[in-house]
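Residue numbering restarts at 1 for every chain, and letters A, B, ... go by the order of the sequence lines.
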There are 2 protein chains.
Amino acid sequence: MARNQDLNQKMRDQRKEQILSNALALFATRGLSATKISDIASASGVSQGLIYHYFRSKEEVFVELVRTAFERLNNACRELEKLPLSPREKIRRATEGLLHNIEESKDASRYYLVITQATASEAIPEEAKAIIDGERMLPYEVMKHIIEEGQADGSIGNHDASDLSLVFWTSIKGLAIHRAVHGTKFKMPDPEIIMSMFV
Amino acid sequence: MARNQDLNQKMRDQRKEQILSNALALFATRGLSATKISDIASASGVSQGLIYHYFRSKEEVFVELVRTAFERLNNACRELEKLPLSPREKIRRATEGLLHNIEESKDASRYYLVITQATASEAIPEEAKAIIDGERMLPYEVMKHIIEEGQADGSIGNHDASDLSLVFWTSIKGLAIHRAVHGTKFKMPDPEIIMSMFV
DNA sequence: GTCTATATCCAGATAGAC
DNA sequence: GTCTATCTGGATATAGAC
């Protein structure tokens with residue numbers, strides 16, 4: 001009895017994951033409003049109506065993806081901060097990790113695109129806006145903090161720490177977009193280019 | 001007679017400009033498909049039907065903006081290449097000019113957003129895709145060329161020139177998006193941060 | 001849990017009056 | 001040149017059968 005319920009729950013979760021993953025690909029390449037529920041359904045190989053068995057609306061699917069996107073990015077930032085490394089090494093680790101991640105995982109670069117779109121667009125659900133308002137600053141702040149530590153110990157040059165953090169993240173996001181758009185036919189740049197901003 | 005025709009033509013052009021400018025603001029903040037013809041009309045203070053007196057469709061408005069965006073950016077790149085300056089000075093001039101432009105002109109940063117959206121989205125008119133295919137590489141190539149010259153004369157460091165050009169432009173675009181989204185409440189970073197990638 | 005059929009709504013585009 | 005009224009198509013979301 002309990003086993004059956006577990007199994008059902010598992011299948012339900014799997015189907016939900018499948019829908020979310022296909023929706024992610026579509027939202028990333030077409031945006032929220034140009035993506036039709038029927039697109040998501042046919043990409044997932046199910047009928048249009050079935051989507052509503054798992055989600056209340058198209059917007060709910062989008063909100064869930066935005067939430068996941070920020071959760072992953074911000075958790076990674078918190079982990080980074082705790083790493084037992086020098087400030088400079090933290091930044092190198094982050095840069096290499098991010099670029100590697102963007103290169104290897106289709107989903108990773110797609111999540112960045114969804115974050116960028118969601119941040120850049122006013123035409124998104126209120127709930128998504130609330131998530132963005134609460135979450136979007138954390139990566140900038142963590143990076144700024146690490147930079148300031150590096151400047152205190154002399155291992156990072158004296159550009160304004162907020163500026164540096166901003167340019168760091170805009171570069172990363174720009175590369176993620178590039179990768180999501182142009183796929184594997186473009187190779188990631190040498191992380192040392194990014195690192196040279198911190199000299 | 002001819003004077004009247006001239007005047008009419010001029011008013012027609014002005015109205016067209018007005019519609020395009022309002023459409024640019026809306027496309028930049030909401031994207032193509034979330035922007036309604038009626039939004040453009042009411043932002044421009046005219047009736048919905050009147051838009052169709054000036055454009056065949058919403059997509060035609062979008063295509064015209066994409067065309068203008070690439071025209072301006074690519075012309076600026078061609079001008080840059082011809083400037084009687086050393087490679088390093090060209091890059092400094094470009095960086096300062098771009099950041100200043102993005103900071104001062106609402107339209108400039110909006111055009112970048114439209115370019116980015118158009119490049120990143122599959123849900124755009126075929127005609128826009130054709131423009132992008134033909135135009136999008138020019139800025140990367142011009143910058144790559146300048147970098148190679150600078151590497152030949154020893155004034156620019158030896159990172160891969162394609163990589164450097166890519167990171168340069170993704171940084172600029174990222175900052176333009178940031179500015180278009182967050183408006184005047186964020187200040188542009190010191191151009192020297194970007195310049196330090198070229199050391 | 002899944003599908004088909006359908007109700008409802010809304011946006012793009014057109015027609016015609018002024 | 002400009003507006004109002006309207007047609008039409010298509011997308012979201014629901015209802016109900018299996």
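As judged by a 4.0 angstrom heavy-atom cut-off over every strand, A/Ser33 is placed among residues making no nucleic acid contact. Nucleic acid contact class of B/Leu50 (heavy atoms, under 4.0 Å, all strands): base.
In this structure, the CZ atom of B/Phe55 is 21 Å from the P atom of C/dA11, given to the nearest Å. Rounded to a whole Å, the CD1 atom of A/Ile40 is 12 Å from the C1' atom of D/dT12. The CD1 atom of A/Ile37 sits 16 Å away from the C1' atom of C/dC3 (whole-angstrom rounding). In this structure, OH of A/Tyr54 is placed 4 Å from P of C/dT2, rounded to the nearest angstrom. Per the geometry, CD belonging to B/Gln48 stands 11 Å off P belonging to D/dC3, to the nearest Å.
The minimum heavy-atom distance between A/Ser44 and A/Asn22, with the atom names listed, is OG-ND2, 3.2 Å. Of all non-hydrogen atoms in A/Ile132 and A/Ala118, the two that sit nearest each other are CD1-O, 3.4 Å.
With D/dG1, C/dT2, C/dA11 as the choices, the nucleotide that has an atom nearest any side-chain atom of A/His53 turns out to be C/dT2. Distance from the side chain of A/Lys58 is smallest to D/dT12 among C/dA11, D/dT12, C/dA13.
At least one donor-acceptor pair under 3.5 Å links the side chain of A/Thr170 to the backbone N or O of A/Val167. With hydrogens and angles ignored, the 3.5 Å screen pairs a side-chain donor or acceptor of A/Ser196 with a backbone N or O of A/Ile193.
For the OP1/OP2 pair of C/dA15 and a distance below 4.0 Å, the side-chain nitrogens and oxygens of B/Tyr52 include no atom meeting the criterion. Between A/Arg15 and C/dT2, a side-chain N or O to OP1/OP2 separation shorter than 4.0 Å is present.
Each of B/Gly49 and B/Arg12 was matched to the nucleotide of DNA chain D holding its nearest heavy atom; the match closer to the 5' end belongs to B/Arg12.
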